[in-house]
Participant: 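Take this structure first; my questions come after.
First the proteins, then the strands, lettered A, B, ... as listed; each starts at 1. Only heavy atoms go into these numbers, but all of them, side chains included; no hydrogens, no water, no symmetry mates.
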There are 2 protein chains.
Amino acid sequence: MNRFLSHATNRIDSKGRVSVPSMFRSVLARSAVEELYVWQDFVFPAVSMAGPEVLERFERMIGSQDPFSLEANKMSLLIHGGGVFMKLDGEGRLLVTDFIRDFTGITDKVTFAGRGDHFQLWEPAAFEDMQSQARKDRTASS
Amino acid sequence: MNRFLSHATNRIDSKGRVSVPSMFRSVLARSAVEELYVWQDFVFPAVSMAGPEVLERFERMIGSQDPFSLEANKMSLLIHGGGVFMKLDGEGRLLVTDFIRDFTGITDKVTFAGRGDHFQLWEPAAFEDMQSQARKDRTASS
DNA sequence: CATCTTCCCATTGACGCCCATATTAGCCCA
DNA sequence: TGGGCTAATATGGGCGTCAATGGGAAGATG
């Protein structure tokens with residue numbers, strides 16, 4: 001499978017590390033991704049992860065605008081200032097830095113959620129809430 | 001990686017120095033940058049830093065315009081009058097001068113923000129505000 | 001001579017790399 | 001079909017190295 005699907009919750013250890021679910025790691029391995037582009041999501045209180053090609057897609061969006069415009073600068077503030085490259089350790093874990101904690105509210109557990117071409121890190125309760133709310137909205141509107 | 005990404009906040013010491021995040025220093029080292037071109041940003045209350053090639057790029061922009069035009073003169077006022085060269089000390093720190101403080105409002109802490117081909121120094125609260133505003137704009141428009 | 005820089009060294013804590021244990025899932029075979 | 005046997009995943013921790021920070025003292029500036 002070449003998509004990020006499903007979700008799982010893992011514990012953060014005493015050194016602040018957490019294992020990326022093997023399901024997701026195998027998708028990354030398939031496209032030979034070494035460094036992950038990680039960004040603070042534009043919509044949800046979650047950080048998103050994907051291969052570097054996503055950053056390049058974002059940069060092409062900016063590149064088509066006037067570089068001195070407020071719009072282009074604000075967008076760069078999000079995708080560059082709100083993004084970082086990370087790598088996993090030998091065991092497929094990543095360090096949950098303040099960059100991630102401050103934005104998501106994650107403390108001791110992480111919910112990994114597949115999003116097709118990328119996956120996200122959520123504070124577990126926040127994920128539950130948002131998912132059940134999304135379900136409710138759907139039901140109400142249809 | 002060869003881009004300036006992510007953001008981090010460091011403290012200014014009693015001598016007015018602050019460490020440039022190692023992440024940024026390694027990008028600079030990669031292109032063997034010794035002296036940094038520093039300018040007061042055109043859209044945000046932040047100072048921007050990059051290698052000298054950025055100044056050269058700005059100067060080419062001016063060079064392609066009519067030297068008697070108001071536009072070209074205003075541009076020079078910003079990139080020359082609003083810019084300086086700085087270097088880092090042996091430990092990768094820079095001195096936070098009044099040139100930087102007056103324009104940014106920085107007092108005791110600095111938020112470094114990656115912007116792709118350069119990085120910026122912000123007053124921490126100002127950065128938070130501007131970034132969350134940018135995020136709000138995006139959500140509203142989509 | 002007083003102040004501001006620059007260069008050097010010390011300390012503390014965080015991070016990267018490596019190896020150990022455990023818990024689970026899958027598999028083989030009698 | 002039940003009982004292990006094996007492999008892979010999740011998790012825990014040691015230890016060396018590097019980053020961030022603090023401060024002394026020499027050198028430059030006016």
Participant: In whole angstrom, give the distance that lies between atom CD1 of A:I100 and atom C1' of C:dC15.
Facilitator: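 Taking atom C1' of C:dC15 as the reference, CD1 of A:I100 is at 14 Å.
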
Participant: Rounded to whole angstroms, how far apart are CG on A:L88 and P on D:dT11?
Facilitator: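 My rounded result for the distance is 15 Å.
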
Participant: Does CD in B:E59 sit with more than 12 non-hydrogen atoms of other residues, nucleotides or ligands closer than 6.0 Å?
Facilitator: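 Atom CD in B:E59 is crowded, with more than 12 foreign heavy atoms closer than 6.0 Å.
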
Participant: Kindly give the atom pairs (protein nitrogen or oxygen, nucleotide nitrogen or oxygen) under 3.5 Å for nucleotides 5-7 of chain D.
Facilitator:
none

Participant: For DNA chain D, determine which residues of residues 13-31 of chain B have any heavy atom closer than 4.0 angstrom to one of its atoms, and list them numerically.
Facilitator: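 Result for residues 13-31 of chain B: B:D13, B:K15, B:R17, B:S19, B:V20, B:P21, B:S22, B:R25, sorted by number.
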
Participant: How about B:S19 and B:R93: does a side-chain donor come under 3.5 Å of a side-chain acceptor?
Facilitator: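 Note: B:S19 and B:R93 side chains miss the donor-acceptor criterion.
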
Participant: Please report the distance, rounded to the nearest Å, between CZ in B:F112 and C1' in D:dA20.
Facilitator: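 Distance check: B:F112 CZ to D:dA20 C1' gives 11 Å.
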
Participant: How many whole angstroms separate atom CG of A:L94 from atom C1' of C:dC15?
Facilitator: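 Result: 14 Å.
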
Participant: How many Å lie between CG on A:D89 and C1' on D:dT11, as a whole number?
Facilitator: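 Atom CG in A:D89 sits about 11 Å away from atom C1' in D:dT11.
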
Participant: Taking the inter-plane angle between the rings of A:W39 and A:H118 on a 0 to 90° scale, is it parallel (under 30°), tilted (30 to 60°) or perpendicular (over 60°)?
Facilitator: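 Taking A:H118 first and then A:W39, their aromatic rings sit tilted (interplane angle of 30° to 60°).
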
Participant: Of all the nucleotides listed (D:dA20, D:dG23, D:dT11), which has the minimum atom distance to the side chain of A:N10?
Facilitator: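 Nearest listed nucleotide: D:dT11.
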
Participant: Check each of A:F112, A:F127, A:F24 against A:H7 using the ring pair (Phe, Tyr, Trp, His ring centres under 6.0 Å) test, and report the only one that passes.
Facilitator: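 Testing A:H7 for a ring pair (Phe, Tyr, Trp, His ring centres under 6.0 Å) against A:F112, A:F127, A:F24 leaves exactly one candidate, A:F127.
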
Participant: With side chains defined as the heavy atoms from C-beta onward, is the minimum distance between B:V110 and B:T9 less than 4.5 Å?
Facilitator: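 No; the side chains remain at least 4.5 Å from each other.
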
Participant: Contact class for B:R11 (heavy atom, under 4.0 Å): base, sugar-phosphate, or nothing?
Facilitator: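 Touches sugar-phosphate only.
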
Participant: Under 3.5 Å, is there a donor-acceptor pair between the A:E123 and A:T104 side chains?
Facilitator: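 No, A:T104 and A:E123 have no side-chain donor paired with an acceptor closer than 3.5 Å.
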
Participant: What class does the angle between the rings of B:Y37 and B:F58 fall in, given that below 30° is parallel, 30 to 60° is tilted and above 60° is perpendicular?
Facilitator: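 Ring orientation of B:Y37 relative to B:F58: perpendicular.
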
Participant: Step through it carefully: locate the ring centre of A:W122, locate the ring centre of A:F44, and say whether they are under 6.0 Å apart.
Facilitator: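 Judged by ring-centre distance (under 6.0 Å), A:W122 and A:F44 do meet the cut-off.
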
Participant: Round to a whole Å and report the spacing from CD of A:E91 to P of D:dG13.
Facilitator: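 Between P of D:dG13 and CD of A:E91: 14 Å.
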
Participant: Consider only side-chain N and O atoms of B:D41 and B:S48, and report whether a donor and an acceptor are under 3.5 Å apart.
Facilitator: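 Note: B:D41 and B:S48 side chains meet the donor-acceptor criterion.
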
Participant: Can you tell me the distance, in whole Å, between the CZ atom of A:R93 and the C1' atom of C:dC18?
Facilitator: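 That distance rounds to 10 Å.
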
Participant: Write down the distance between CG (B:L95) and P (C:dC4), rounded to a whole number of angstrom.
Facilitator: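 So the CG-P distance, B:L95 to C:dC4, works out to 11 Å.
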
